[in-house]
There are 2 protein chains.
Amino acid sequence: MRTIPKNSDAALRARGLRLTGPRRVVLEVLRGSDAHPTAESVHRLVRRRLPRVSLGTVYRNLRLLVAEGLAAEIPGPHARFDANMDAHHHFTCVRCGRIVDVDGPLAEPHAEALRVRIAARTGLAITHHRIEFFGRCPQCRAPRARLHRPRRSP
Amino acid sequence: MRTIPKNSDAALRARGLRLTGPRRVVLEVLRGSDAHPTAESVHRLVRRRLPRVSLGTVYRNLRLLVAEGLAAEIPGPHARFDANMDAHHHFTCVRCGRIVDVDGPLAEPHAEALRVRIAARTGLAITHHRIEFFGRCPQCRAPRARLHRPRRSP
DNA sequence: ATAGCTGCAAAGTCTTTGCATGTGT
DNA sequence: ACACATGCAAAGACTTTGCAGCTAT
């Protein structure tokens, strides 16, 4: 679950960004979701509040937020976006496609040891890493899992 | 580095796939490279041997090889392909974009412990995971690194 | 002979961009 | 005011697909 949406206005202003309606709502929508939405999904949600916002503008703002360090992009065939900037990893359900967060601190001890070991053995200068876990989410493991419809865009 | 290209014909025949020129060469090219080439890159290499092969055919065969378990796809904005089916991870140089293999066994002990821990704490049923390391490759860390031209498609 | 492949080109999907208009500061 | 943002639609980049002809078995 996600905490109370912070004041996005301040976050934007603090970076000298203009505070336009579409931009503020894009950030608020992203902050209000922990479903790692696609651009299209963000667009849908933004439009509930500002019906005239275009998909192009959503893309422009998402990219801008990523560039400013206010959001992260989860790479893939369809990019997904994430306003959770705390160190964390992702678990993807191979059945329904849902992505859930895995706390960074939970993984950190092992990940750190792993990094050190790889660096020592290979000579590569590792600055960071990304870990993705795959499997089935609790809902899809449940007995009545057939009722849980697969989906692509949260 | 990669070992001697195995007999691709056998691998294909064993699955009941037809052994066409383009298909065989696509697999051989992939097996002969450890540079995680893009589809376009594979196409370029295939054309050195069979100049009339189309990009569409390369895509079709790459997808088929992936579906048959003879190759893996590295997800991203531009898909990359890999005929190395041994368990392993990838290190991506953030400067030149090169992707180098990190032996699976090297990481396995830590990765396994990590998986167990996450599974225990979250209740997620983890079947597999992917770890990507980022940093600078030896060439890009070298003093004359400016000479190492960034590139996207190996 | 015939199911499966291929080349070609057209169509799809997701994302970016040019431009005239609108809008925060 | 005026630099920056937006809406719209067109263009881009990558990938898939329809179809008629070709080919491995």
Distance in angstrom units between [X] [atom1] and [N] [atom2], rounded:
{"X": "A:Leu12", "N": "D:dA5", "atom1": "CG", "atom2": "C1'", "result": "13 Å"}
{"X": "A:Arg47", "N": "D:dG7", "atom1": "CZ", "atom2": "C1'", "result": "10 Å"}
{"X": "A:Leu17", "N": "D:dA5", "atom1": "CG", "atom2": "C1'", "result": "11 Å"}

Taking 5' to 3' order, which nucleotide of DNA chain C is first and which is last to have an atom within less than 4.0 Å of a heavy atom in chain A? C:dC14 to C:dT25
Sub-3.5 Å donor-acceptor pair from the side chain of [X] to the main-chain atoms of [Y], do we have one?
{"X": "B:Arg13", "Y": "B:Leu19", "value": "no"}
{"X": "B:Arg98", "Y": "B:Arg136", "value": "no"}
{"X": "B:Arg115", "Y": "B:His129", "value": "no"}
{"X": "B:Ser33", "Y": "B:Val29", "value": "no"}
{"X": "B:Arg117", "Y": "A:Ala107", "value": "no"}
{"X": "A:His43", "Y": "A:Thr57", "value": "no"}
{"X": "A:Asp103", "Y": "A:Pro105", "value": "no"}
{"X": "A:Arg80", "Y": "A:His36", "value": "yes"}

For the pair B:His89 and B:Phe133, name the ring-plane relationship: parallel under 30°, tilted 30 to 60°, perpendicular over 60°. perpendicular
Looking for any heavy atom pair under 4.0 Å, which part of the strands does B:Arg60 touch: base, sugar-phosphate only, or nothing? base
Give the cluster check for A:Phe81 versus A:Leu55: same hydrophobic cluster or not, with ILVMFWY residues linked at side-chain heavy-atom distances below 4.5 Å. no
Non-hydrogen atoms of B:Ala71 and B:Met85 that approach each other most closely: C-CE, 3.3 Å
Near DNA chain C, which residues from residues 18-27 of chain B have a heavy atom under 4.0 Å away? B:Arg18, B:Thr20, B:Pro22, B:Arg23
Roughly what angle, to 10°, lies between the helix axis at the start of the helix from C:dA1-D:dT25 to C:dT25-D:dA1 and the one at its end, five pairs per end? 30°
Given DNA chain C, 5'-ward residue of the pair B:Leu55 and A:Gly56, judged by closest heavy atom: B:Leu55
